[in-house]
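We use all heavy atoms of the structure for the numbers below, so side chains are in, but hydrogens, waters and symmetry mates are not. Order of listing sets the numbers, starting from 1, for every ligand and every atom in it. Residues take their numbers from the sequence shown, with the count starting at 1.
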Amino acid sequence: MRKVVKFGGSSLASAEQFEKVGEIIRAESSRRYVVPSAPGKRFRKDTKVTDMLYGCYALAEKDQDFSHELQQIKERYQEIIDGLKLSLSLEDEFAGIERNFKAHAGRDYAASRGEYLNGIVMAAYLGYEFVDAAEVVFFKPNGEFDAQKTNEVMGERLKKMENAVVPGFYGSNPDGSIRTFSRGGSDITGSIVAKAVHADVYENWTDVSGFLIADPNIIPNPEKIETITYRELRELSYMGASVLHEESIFPVRSEGIPINIRNTNEPDNSGTWIVESTCQKPRFVITGIAGKKGFCSINIEKDMMNAEIGFGRKVLQAFEDNGISFEHVPSGIDTMTVFVHQDEFMDKEQNVVSALHRIADPDMVDIEGDLALIAVVGRGMKSTRGTAGRIFAALAHANINVRMIDQGSSELNIIIGVRDEDFEAAIRAIYNMFVLVQL
Ligand code: ASP
């Protein structure tokens, strides 16, 4: 058994957290490859080291004094080193960082030092070998991640190592300079390492015990999702449920490696399994509910629209020409509705309306704002009769007017549009109908 274990920032924010992580790693000898984030928040109002580094570098870039800011970052690491009673000095590392900041080594270089230094601390603490991610994670000249080269070089390098620490979040460009993934990108590194070493499991340790069926800010203590497929996860994360970086599923998915989301503060909880496919029956018909507010619907009517070839294309062209992406397009015989993000659309709305008239010649265009979209996702829906009926019964009982319904042909999800102000009540009604009644 071979596992890659990635620990998020809050799991490594202090010496106490490091100790929990140490216990977790030592509990199973299969936990051989460790991917740390930079130290995160120790308390709610705290600042992540990554953000401290961005702030510090912003001063360096303007050739202003950044010694105070760098000192604060040093102290974050020193607190951890002292707390763990390590005989490790980062003095030389910090001297190098200071020099490189002064030489304007770049924002990505600056941000990456959070993971880099934490990797050094982690390797010293565990007695594992340290592998600088710049030597094993590569980007192409156009800035895209170079999956093939990375997999080859990293696979070769780690094959020879029983244990190793590979810091998350960054790699190197062809010219050797440092480049980071987008924020939260250590999740991606973990997945890349899991693929390169042919891991049996990619464990992603964070501060929640996996994915919850619904947002805990709306549903108090929602039930946990035990197992979710990659496709279901895509649908839910797209609609705002975030625990894992979206791009992190691709490397492991191509190898069929499952991801296990775990909680550093509650290591006995089995967390959530993210898998390619499963015959395990979900506990409830629905796997999860997620949603977002702030959508706008543009309702376009034209008599005999259904008979006019190319009408849909013309409508969408009006949006494309204005650089607006659409979310959903439910349609009827003489109507077509386009859902867009309100904040993207607002400034351009009149341009879109005139483009619609010019290109598609509709009878009427009607715009409605302040709408929310809710995705009810579940692989179990396909084989269960009456799911849509139950959703709408729940919403009707809660006195919620449904403005739009869209069921993907995969039967993996049903999207419902409601008014922004009904958003929370709608989620509660659906949760009660599918989860609470069954407990
Ligand atoms: N430290 C980086 C961030 O705060 C990357 C990560 O934690 O995954 O975004």
Check: Side chain or backbone of Lys48 under 4.0 Å from ligand 1, or both, or neither, by non-hydrogen atoms?
Finding: side chain
Next item on the list: Give the residue, atom name and distance (to 0.1 Å) of the protein heavy atom nearest atom 3 (C) of ligand 1.
Entry: Arg183 NE, 3.3 Å
Notebook entry, point to check: Among protein heavy atoms, which lies nearest atom 7 (O) of ligand 1, and at what distance?
Noted result: Ser37 OG, 3.1 Å
Tell me, please: is [X] in heavy-atom contact with ligand 1, that is, under 4.0 Å?
{"X": "Gly184", "result": "yes"}
{"X": "His245", "result": "no"}
{"X": "Gly9", "result": "no"}

Note to self: Would the distance check show the side chain of Arg179 and the main-chain N or O of Tyr170 forming a donor-acceptor pair, the cut-off being under 3.5 Å?
What the structure shows: no
Notebook entry, point to check: Is there a donor-acceptor pair closer than 3.5 Å between any side-chain N or O of Gln342 and the backbone N or O of Asp370?
Noted result: yes
Checklist line | Aromatic plane relationship, Phe101 with Tyr57 - under 30° parallel, 30 to 60° tilted, over 60° perpendicular | finding: perpendicular
Margin query: If you measure every N or O of Phe169 against every N or O of ligand 1, does any of those distances drop under 3.5 Å?
Written below: no
Next item on the list: Run the numbers for me: atoms of ligand 1, each under 4.0 Å from some heavy atom of Glu115, listed by number.
Entry: 1 (N), 2 (C), 5 (C), 6 (C), 7 (O)
[X] to [Y], cation-pi by 6.0 Å centre distance and 45° axis angle:
{"X": "Arg113", "Y": "Tyr116", "answer": "yes"}
{"X": "Lys293", "Y": "Phe423", "answer": "no"}
{"X": "Lys292", "Y": "Tyr238", "answer": "yes"}

Notebook entry, point to check: Could you go step by step and tell me if Glu156 and Lys159 meet the salt bridge (Lys or Arg N to Asp or Glu O under 4.0 Å) rule?
Noted result: CA-CA 5 Å; Glu156 239 352 88; Lys159 203 160 71 183; 3.1 Å; yes
Next item on the list: Would you tell me which option among Ser186, Pro39, Ser10 has the nearest heavy-atom contact to atom 6 (C) of ligand 1?
Entry: Ser186
